[in-house]
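I'd like to ask some things about the structure below.
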Amino acid sequence: MNSMEQRLSNCFANVFPDLAPDAIQGATADKVPAWDSVAHITLLSAVSEEFGIDLHIDDYEELTSYAAIDAYLREHHVQ
């Protein structure tokens, strides 16, 4: 796991403390019962703060999994 993945995993762990560490990279809004609208906003706010980026509200609908957020960060060359 690289530094960016570790930082993203930490965001997930902070928002979803009951999620097993080995389940984080496979986490999706459909699979995590605690992932409701409030948790979604909290998670994306944590990601935004951790990586120093401003997520556009239009992106929120697409960023519903660890993989999607990871891909977004990579696509936007976030480190």
Side-chain angles (χ1 to χ4, degrees):
M1 184 177 298
N2 66 37
S3 174
M4 186 191 76
E5 291 169 337
Q6 183 60 54
R7 291 167 59 203
L8 180 56
S9 291
N10 289 342
C11 291
F12 271 79
N14 288 333
V15 175
F16 305 111
D18 295 334
L19 190 61
D22 62 339
I24 288 175
Q25 289 188 332
T28 68
D30 296 342
K31 292 181 184 177
V32 178
W35 195 326
D36 59 13
S37 59
V38 173
H40 188 66
I41 298 298
T42 303
L43 175 62
L44 295 181
S45 294
V47 169
S48 179
E49 184 175 326
E50 174 65 30
F51 292 96
I53 59 171
D54 290 323
L55 296 171
H56 193 276
I57 193 73
D58 293 339
D59 295 325
Y60 278 41
E61 288 182 35
E62 303 298 321
L63 301 176
T64 57
S65 69
Y66 178 97
I69 297 169
D70 181 57
Y72 179 93
L73 293 172
R74 291 175 193 279
E75 180 180 313
H76 290 86
H77 307 287
V78 176
Q79 296 182 21

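One-based numbering along the sequence shown. Bear in mind the structure is a predicted one, so any value in this text is a computation, not a measurement.
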Heavy-atom closest pair, residues Ala46 and Val15: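 So the minimum-distance heavy-atom pair works out to CB-CG2, 4.4 Å.
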Kindly say whether Asp58 contributes a backbone atom to a donor-acceptor pair with the side chain of His56 at under 3.5 angstrom?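 Flag set: sc His56 to bb Asp58 pair under 3.5 Å.
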Tell me if a side-chain donor or acceptor on Ser48 pairs with a main-chain N or O of Ile53 at a distance below 3.5 Å.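 Yes, Ser48 side chain to Ile53 backbone: donor-acceptor pair under 3.5 Å.
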Those residues that, when tested against His77, pass side-chain hydrogen bond (donor to acceptor under 3.5 Å, both in side chains) (two or more places apart):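 Testing His77 for side-chain hydrogen bond (donor to acceptor under 3.5 Å, both in side chains), a comparison that skips the adjacent residues, returns none.
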Nearest 0.5 Å please: distance from the OG atom of Ser45 over to the NE2 atom of His40.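 Taking OG in Ser45 and NE2 in His40, the distance rounds to 9.5 Å.
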If you take all heavy atoms of Phe12 and Ala27, which pair is closest and at what distance?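 Taking Phe12 first and Ala27 second, the nearest heavy atoms are CE2-CB, 4.0 Å.
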Checking side-chain contact (heavy atoms from CB on, under 4.5 Å) for the pair Glu5/Asn2: CA distance, chi angles, key distance, verdict? CA-CA 5 Å; Glu5 291 169 337; Asn2 66 37; 3.4 Å; yes
Can you name the closest pair of heavy atoms from Phe16 and Val32 and give their distance?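 Distance-wise, the nearest heavy atoms are CD2-CG1, 3.9 Å.
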Out of curiosity, Leu43 CG to Tyr60 OH, how far, rounded to the nearest 0.5 Å?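 That separation rounds to 9.5 Å.
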Consider only side-chain heavy atoms of I, L, V, M, F, W and Y, link residues closer than 4.5 Å, and tell whether Phe51 and Ile57 are in one cluster.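 Yes, same cluster.
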Looking at CG of Asp59 and NE2 of His76, how far apart are the two atoms once the value is rounded to the nearest 0.5 Å?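 Reported to 0.5 Å precision, the distance equals 6.5 Å.
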Shortest non-hydrogen contact between Trp35 and Leu63, atoms and distance: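 So the minimum-distance heavy-atom pair works out to CZ2-O, 4.1 Å.
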Evaluate the side-chain contact (heavy atoms from CB on, under 4.5 Å) criterion for residues Tyr72 and Leu55: first the C-alpha distance (whole Å), next the side-chain angles of each, then the deciding distance (0.1 Å), finally the verdict. CA-CA 10 Å; Tyr72 179 93; Leu55 296 171; 3.2 Å; yes
Between Met4 and Leu8, does a side-chain contact (heavy atoms from CB on, under 4.5 Å) hold up when you go through it step by step? CA-CA 6 Å; Met4 186 191 76; Leu8 180 56; 5.6 Å; no
Could you pull out the closest heavy-atom pair between Ala34 and Ala39, with the gap in Å?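 Closest heavy-atom pair between Ala34 and Ala39: O-CB, 3.4 Å.
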